[in-house]
K.L.:
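Shown below is the structure under consideration.
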Amino acid sequence: MQQLMTEEIAKTVPRLYGQDGAEDPIVHVHYFSCVNGWDWYLTEYDPRTGEAFGLVRGFETEWGYFSVREMERVNREKGFGVVERDEHFEPAPASAFEGR
C-alpha cells in the first residue's frame, strides 16, 4: 500500500506554523479520495505526531488540521487506498487550488 508521507517528503515540508502569516502558502503534498471525492492540500506537517495543516476540499473548502496517520490507519483497516497521495504533484501556491 502507498506510503502517504515518506521521510523524503517530510524533510521538504515546513513544520506546523512554518508558513503562518504567508499571503499565499505553498502546498507541498496533495491527497485525494476516490471514495468521497475529497482533496487535502498539505502546507505544513509535524512528523512527530503526523498532524498536518492545509486546504481541505470536502463538503466545503476550508483551511484546517488533519491527521496523515489517521488517513494511513483508514487505508490499513479498509485494505485499500481510501486516501492516496498524488505522486505527480508539484508544489504550488495554495491560491491555485482555492477556487477549483
Side-chain angles (χ1 to χ4, degrees):
M1 195 169 305
Q2 181 193 50
Q3 192 175 7
L4 295 182
M5 180 59 73
T6 65
E7 286 184 33
E8 294 80 25
I9 295 171
K11 289 177 186 176
T12 68
V13 178
R15 300 302 169 245
L16 288 180
Y17 309 108
Q19 296 193 72
D20 195 29
E23 187 174 315
D24 196 5
I26 301 299
V27 173
H28 291 269
V29 183
H30 171 226
Y31 299 108
F32 62 94
S33 175
C34 293
V35 175
N36 63 14
W38 285 43
D39 290 282
W40 296 264
Y41 297 95
L42 184 148
T43 59
E44 301 168 357
Y45 180 70
D46 182 343
R48 187 180 55 77
T49 64
E51 185 176 21
F53 183 80
L55 185 66
V56 180
R57 296 181 55 86
F59 297 120
E60 308 226 357
T61 300
E62 59 189 347
W63 289 90
Y65 293 90
F66 54 93
S67 172
V68 174
R69 288 190 184 155
E70 180 68 18
M71 293 173 170
E72 290 173 335
R73 184 188 64 76
V74 169
N75 285 351
R76 282 190 308 275
E77 286 179 0
K78 298 296 183 187
F80 68 97
V82 174
V83 176
E84 298 181 54
R85 178 173 39 86
D86 181 347
E87 295 179 347
H88 303 288
F89 184 80
E90 294 290 332
S95 59
F97 310 103
E98 286 181 308
R100 265 191 181 173

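As the structure is a computational prediction, the values presented were derived from the model and not from experiment.
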K.L.:
Identify whether Val29 and Phe66 are in the same connected component of the hydrophobic contact network (ILVMFWY, side-chain heavy atoms under 4.5 Å).
P.N.:
yes
K.L.:
Applying side-chain contact (heavy atoms from CB on, under 4.5 Å), can you list everything that pairs with Asp20, at least two apart in sequence or on another chain?
P.N.:
Tyr17
K.L.:
Quick one: are Gln19 and His28 in side-chain contact, heavy atoms under 4.5 Å?
P.N.:
yes
K.L.:
Are Val68 and Tyr45 side-chain neighbours, meaning at least one heavy-atom pair lies under 4.5 Å?
P.N.:
yes
K.L.:
Do Tyr65 and Leu16 come within less than 4.5 Å of each other through their side chains, counting heavy atoms only?
P.N.:
yes
K.L.:
Tell me, please, which residues at least two apart from Ser33 pass side-chain hydrogen bond (donor to acceptor under 3.5 Å, both in side chains).
P.N.:
Asn36
K.L.:
Roughly how far, to the nearest 0.5 Å, is OH of Tyr31 from CG of Asp86?
P.N.:
11.0 Å
K.L.:
Atom NE2 in His30, atom CD in Glu90: separation rounded to 0.5 Å?
P.N.:
13.5 Å
K.L.:
Applying side-chain hydrogen bond (donor to acceptor under 3.5 Å, both in side chains), name anything that partners Trp38, two or more places apart in sequence or on another chain.
P.N.:
none
K.L.:
Got a sec, which residues hit side-chain hydrogen bond (donor to acceptor under 3.5 Å, both in side chains) with Ser67, two or more places apart in sequence or on another chain?
P.N.:
none
K.L.:
Do the non-hydrogen side-chain atoms of Thr6 and Arg85 ever get within less than 4.5 Å of each other?
P.N.:
yes
K.L.:
Between Arg57 (side chain) and Trp40 (backbone), is there a donor-acceptor pair under 3.5 Å?
P.N.:
no
K.L.:
So, do Glu84 and Phe32 sit near enough that their side-chain heavy atoms are less than 4.5 Å apart?
P.N.:
yes
K.L.:
Under the side-chain contact (heavy atoms from CB on, under 4.5 Å) test, which residues partner Ser95, sequence neighbours left out?
P.N.:
Asp24, Pro93, Glu98
K.L.:
Classify the ring geometry between Phe97 and Tyr41 as parallel (under 30°), tilted (30 to 60°) or perpendicular (over 60°).
P.N.:
parallel
K.L.:
Taking the side chain as C-beta and beyond, is there a heavy-atom pair between Pro47 and Glu7 under 4.5 Å?
P.N.:
no
K.L.:
Heavy-atom distance under 4.5 Å between the side chains of Trp63 and Pro25, does that happen here?
P.N.:
yes
K.L.:
Give a yes or no on whether Val27 and Met5 share a hydrophobic cluster (residues Ile, Leu, Val, Met, Phe, Trp, Tyr; joining criterion: side-chain heavy atoms under 4.5 Å apart).
P.N.:
no
K.L.:
If we ignore angles and hydrogens, is there a donor and acceptor under 3.5 Å between the side chains of Glu87 and Gln2?
P.N.:
yes
K.L.:
Should Val74 and Leu4 be counted in the same cluster of Ile, Leu, Val, Met, Phe, Trp and Tyr side chains packed under 4.5 Å apart?
P.N.:
yes
K.L.:
Counting N and O atoms only, with roles assigned by atom type, does the side chain of Asp39 sit under 3.5 Å from a partner on the main chain of Gly58, one being a donor and the other an acceptor?
P.N.:
no
K.L.:
Decide yes or no for Leu42 and Leu55: does some side-chain heavy atom of the first lie under 4.5 Å from some side-chain heavy atom of the second?
P.N.:
no
K.L.:
Which heavy atom of Val83 sits nearest a heavy atom of Met71, and at what distance?
P.N.:
CG1-SD, 3.8 Å
K.L.:
So, using side-chain hydrogen bond (donor to acceptor under 3.5 Å, both in side chains) as the criterion, who are the partners of Glu70 when residues are at least two apart?
P.N.:
Arg73
